[in-house]
*Asks:* 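Just dropping this structure here.
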Amino acid sequence: MSTTEHPAPSRLRSWMLEGLSDMGKGQGVTGPHATPEPPHRGQAWYRVMCLTGVDYFSTLGYQPGIAALAAGLLSPVATVVLVVVTLAGALPVYRRVAEESPHGEGSIAMLERLLTFWKGKLFVLTLLGFAATDFLITITLSAADASTHLVENPHLTEALHGQRMLITLVLVALLGAVFLKGFLEAIGVAVALVATYLALNAVVVAAGFWHVVTAGHVVTDWSHALTAEHGNVFAMVGVSLLVFPKLALGLSGFETGVAVMPHVKGDPGDTEEHPAGRIRDTKKLLTTAALIMSVFLIVTSFLTTVLIPEKEFESGGQANGRALAYLAHEYLGNTFGTVYDVSTIAILWFAGASAMAGLLNLMPRYLPRYGMAPHWARAVRPMVLVFTLIAFLVTWVFDADVDAQGGAYATGVLVLMSSAAIAVTIAARRAGQRGWTVTFGVVSAVLLYVTVVNVIERPDGVKIGACFIAGIIAVSLLSRLARAFELRVTDVTLDPLAERFVRDAASRKLRFIANEPDRRDRAEYRDKIEQIREDNDLPAHEDFVFAEVTVTDPSEFEGRLVVRGEVLHGRYRVLTLESSSIPNALAALLLHVRDTTGCTPHIYFEWTEGSPFANFLRFFLFGQGEVAPVTREVLREAEPDRARRPRVHTG
């Protein structure tokens with residue numbers, strides 16, 4: 001379907017829209033204005049693991065301190081509980097998510113398939129709101145924690161005192177600049193940062209264990225104090241389960257792990273329908289990251305608990321939000337400590353990269369497809385600017401405070417993990433896998449418990465999530481309203497009989513009658529022709545082809561249009577179409593017929609009874625209503641040249 005050409009876009013516009021949705025290369029053209037991309041070669045799984053690892057592993061910068069504040073002497077035991085939930089619960093769940101949704105949509109796509117029509121769209125928008133909460137707070141919280149490490153460095157405390165907000169905003173802006181440059185650069189930076197950070201943490205852990213071994217009393221003192229406080233192992237485990245929701249940030253890497261899945265290279269024989277190699281390698285990515293993180297979480301929580309005085313973890317203490325940095329300065333000197341600080345600052349700053357990648361993978365897959373975002377939302381660079389500006393706003397609202405953002409971050413993480421667990425439970429049940437159904441059901445119950453407790457203890461998280469949800473739904477509906485008269489059909493295909501009808505009619509004059517199918521008996525078509533002839537004063541010899549549209553899912557925004565021809569009652573030629581919108585389907589048919597025959601088609605309607613406003617709402621929500629004027633408006637927007645525009649007649 002061709003339309004009148006518009007002036008060439010400016011260089012800035014071309015640069016901004018370059019590689020339309022290159023975060024999803026290899027996924028095919030996603031809409032009528034999407035630009036085909038060359039096949040995406042992908043990256044080795046361990047390199048992509050570093051991209052999600054800058055989020056996951058960077059939590060070592062603050063997780064031991066959070067665990068110490070939440071559990072006190074019990075921190076190592078509580079961390080073991082966290083690791084058990086990670087390896088026995090979250091990891092199997094997300095390995096299954098990788099199987100069920102290998103294109104990076106995650107559990108959202110799995111749950112989307114369970115619901116249809118508008119309730120499905122609203123449900124997905126709600127989950128996208130929590131995903132936005134998770135990913136955007138990852139960007140702002142990590143940048144804020146990086147600025148805290150920078151300000152608290154002994155060499156820079158005086159010079160940077162009171163500049164945390166400015167430093168955080170600069171770090172967020174730099175992250176956006178990396179993604180404006182290009183995504184491959186982001187992966188390269190992530191690999192270097194993760195390798196350096198894990199190596200330095202290994203050195204800190206080794207130094208810490210050396211001190212524990214040479215000063216053996218610290219372990220004895222800790223065990224005696226722990227036993228005196230909690231009595232026995234069962235009491236310790238019970239208290240650990242109670243404080244577990246406060247440690248939930250240690251689970252933060254799994255959602256981004258599947259979100260960046262499209263960038264895993266896989267096997268040469270992989271196809272988008274069956275990417276077996278990508279699924280296998282993503283499972284390696286998730287498992288390796290979980291094992292590395294589990295080991296570090298256990299040893300660092302133990303070392304920080306036995307080596308750092310409890311008062312240092314509290315607000316204003318030297319280990320608050322930077323427990324491992326405290327050990328690095330204490331046992332390896334300020335020079336090494338400063339190197340460690342630089343590494344921590346860098347990885348915390350870049351932790352937002354995996355979150356940004358997740359946002360750029362999720363949002364363009366859903367919102368434009370629902371008609372709930374402008375076309376440019378499929379392009380990476382405009383979306384990077386939007387997310388960066390929102391991150392600025394969030395940073396300003398929270399005053400770049402790490403603790404203040406923790407509740408919102410945990411809420412976003414836990415809601416998405418709970419939805420993933422529920423999704424794989426349903427998938428296992430449908431596959432008849434009773435054992436996995438029970439297992440995933442138990443994991444779902446655990447995660448739902450943790451989510452509810454977190455919401456009760458820190459309701460600010462769900463409030464912030466609700467703000468994101470309300471914002472996404474409001475903007476999405478306004479965008480869909482603004483695009484209501486847009487041509488939504490990506491491709492039109494006619495079967496052989498339909499092509500024959502069009503070809504035969506084009507030899508005279510192409511006249512279509514828009515008919516709402518009812519009984520489809522002989523009288524219906526005879527009476528309709530007589531009415532159209534009388535209303536439009538047409539001679540009896542004029543020939544007509546009926547066009548009938550059946551509305552499928554009116555909440556869908558765009559898609560292909562298949563036109564089938566049939567002859568009813570031995571004389572009436574009928575084109576049947578299925579679409580989410582009657583006016584859009586008819587407009588697309590008319591433009592296609594014009595382009596293939598070179599003739600200007602005419603279509604005839606009768607006025608719809610009822611209030612124009614009510615009919616517009618019916619069109620907006622259900623794809624029908626005041627069909628004649630809306631069809632004409634869709635044609636007017638799609639074809640500005642009146643001389644080439646198909647003719648619409650209403651009697």
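When reading the values below, keep in mind they use all heavy atoms of this one structure, side chains included, and skip hydrogens, waters and symmetry mates.
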*Asks:* Run the salt bridge (Lys or Arg N to Asp or Glu O under 4.0 Å) test against Glu100 and tell me which residues pass, sequence neighbours left out.
*Replies:* Arg96
*Asks:* Work out which heavy atom in Ile139 is nearest to a heavy atom in Ala391; give both atom names and the distance.
*Replies:* CG2-CB, 4.2 Å
*Asks:* List in chain and number order the residues that pass ring-ring contact (aromatic ring centres under 6.0 Å, His included) with Tyr525, two or more places apart in sequence or in another chain; answer none if no residue qualifies.
*Replies:* Phe546, Tyr572
*Asks:* Less than 4.5 Å apart, side chain to side chain, heavy atoms only: is that true for Leu635 and Thr631?
*Replies:* yes
*Asks:* Is there side-chain contact between Asp504 and Arg500, with heavy atoms separated by less than 4.5 Å?
*Replies:* yes
*Asks:* Less than 4.5 Å apart, side chain to side chain, heavy atoms only: is that true for Phe544 and Lys528?
*Replies:* no
*Asks:* Who pairs with Ser101 by side chain to side chain donor-acceptor pair (under 3.5 Å), at least two apart in sequence or on another chain?
*Replies:* Glu105
*Asks:* Identify the two heavy atoms, one from Val384 and one from Gly176, that lie closest to each other, and give their separation to 0.1 Å.
*Replies:* CG1-O, 3.4 Å
*Asks:* State the CD-CZ distance between Gln531 and Arg526, to the nearest 0.5 angstrom.
*Replies:* 13.5 Å
*Asks:* State the OG1-CZ distance between Thr168 and Phe392, to the nearest 0.5 angstrom.
*Replies:* 11.0 Å
*Asks:* Can you tell if the side chain of Leu575 reaches within under 4.5 Å of the side chain of Phe512, non-hydrogen atoms only?
*Replies:* yes
*Asks:* Heavy atoms, side chains only, cut-off 4.5 Å: are Val563 and His592 in contact?
*Replies:* no
*Asks:* Using the side chain to side chain contact (heavy atoms under 4.5 Å, CB included) rule, pick out the option among Asn515, Ile513, Asp527 that qualifies with Ile532.
*Replies:* Ile513
*Asks:* Within this structure, what is the OG1-CE distance for the pair Thr388 and Met383, rounded to the nearest 0.5 Å?
*Replies:* 10.5 Å
*Asks:* With distance as the sole test, does Asp641 use its side chain to make a donor-acceptor pair with the main-chain N or O of Ala643 at under 3.5 Å?
*Replies:* yes
*Asks:* Considering residues at least two apart in sequence or located in another chain, which fulfil the side-chain contact (heavy atoms from CB on, under 4.5 Å) criterion with Cys467?
*Replies:* none
*Asks:* Do you know which two heavy atoms are closest between Ile469 and Gly129, and how far apart they sit?
*Replies:* CG1-CA, 3.7 Å
*Asks:* Check step by step if side-chain contact (heavy atoms from CB on, under 4.5 Å) holds for Thr550 and Leu577.
*Replies:* CA-CA 6 Å; Thr550 301; Leu577 307 82; over 6 Å; no
*Asks:* Okay, side chain of Arg647, backbone of Thr600: is any donor-acceptor separation there less than 3.5 Å?
*Replies:* no
*Asks:* Which distance, rounded to the nearest 0.5 Å, do you find between the OG1 of Thr596 and the CG of Leu591?
*Replies:* 10.5 Å
*Asks:* With salt bridge (Lys or Arg N to Asp or Glu O under 4.0 Å) as the rule and sequence neighbours excluded, what pairs involving residues 559-569 come up?
*Replies:* Asp491-Arg560, Arg520-Glu566
*Asks:* Could you note down all residue pairs passing ring-ring contact (aromatic ring centres under 6.0 Å, His included) where residues 631-651 supplies at least one of them, sequence neighbours left out?
*Replies:* His602-His649, Tyr604-His649
*Asks:* Output the distance between atom CG (Leu171) and atom OG1 (Thr140), rounded to the nearest 0.5 Å.
*Replies:* 12.0 Å
*Asks:* Any non-hydrogen side-chain atom of Leu285 less than 4.5 Å from a side-chain atom of Val264?
*Replies:* yes
*Asks:* Can you list the residues that meet the salt bridge (Lys or Arg N to Asp or Glu O under 4.0 Å) rule with Asp521, with sequence neighbours excluded?
*Replies:* Arg519
*Asks:* Check Ala505 against Leu510 and note the closest heavy-atom contact, atom names and distance.
*Replies:* CB-CD2, 3.6 Å
*Asks:* By the definition side chain to side chain contact (heavy atoms under 4.5 Å, CB included), identify the one residue from Val634, Leu561, Leu589 that meets it with Val489.
*Replies:* Leu561
*Asks:* Identify the two heavy atoms, one from Arg278 and one from Pro102, that lie closest to each other, and give their separation to 0.1 Å.
*Replies:* NH1-O, 2.9 Å
*Asks:* Just to verify, what does Tyr94 make a ring-ring contact (aromatic ring centres under 6.0 Å, His included) with, not counting sequence neighbours?
*Replies:* Phe254
*Asks:* State which residues pass salt bridge (Lys or Arg N to Asp or Glu O under 4.0 Å) with Arg645; sequence neighbours excluded, sorted by chain then number.
*Replies:* none
*Asks:* Can you measure from CZ (Arg533) to CG (Asn536) and round to the nearest 0.5 angstrom?
*Replies:* 11.5 Å
*Asks:* Are any non-hydrogen side-chain atoms of Arg644 and Arg594 less than 4.5 angstrom apart?
*Replies:* yes
*Asks:* What do the steps show when you test Val48 against Thr52 for side-chain contact (heavy atoms from CB on, under 4.5 Å), and what is the final call?
*Replies:* CA-CA 7 Å; Val48 181; Thr52 187; 5.9 Å; no
*Asks:* Among residues at least two apart in sequence or on other chains, which ones pass side chain to side chain donor-acceptor pair (under 3.5 Å) with Thr282?
*Replies:* none
*Asks:* With sequence neighbours excluded, tell me which residues meet side chain to side chain donor-acceptor pair (under 3.5 Å) with Arg522.
*Replies:* none
*Asks:* Taking all non-hydrogen atoms of both residues into account, name the closest pair between Ala547 and Leu586 and its distance.
*Replies:* CB-CD2, 3.9 Å
*Asks:* Between Thr395 and Leu169, is there a side-chain heavy-atom distance shorter than 4.5 Å?
*Replies:* yes
*Asks:* Using a cut-off of 6.0 Å, state whether more than 12 heavy atoms not belonging to His274 lie near its atom NE2.
*Replies:* no
*Asks:* Would you say the side-chain atoms of Asp495 pair up with the backbone N or O of Gly565, donor to acceptor, closer than 3.5 Å?
*Replies:* yes
*Asks:* In chain order, what residues pass the side chain to side chain donor-acceptor pair (under 3.5 Å) check against Glu99, with sequence neighbours excluded?
*Replies:* Lys283
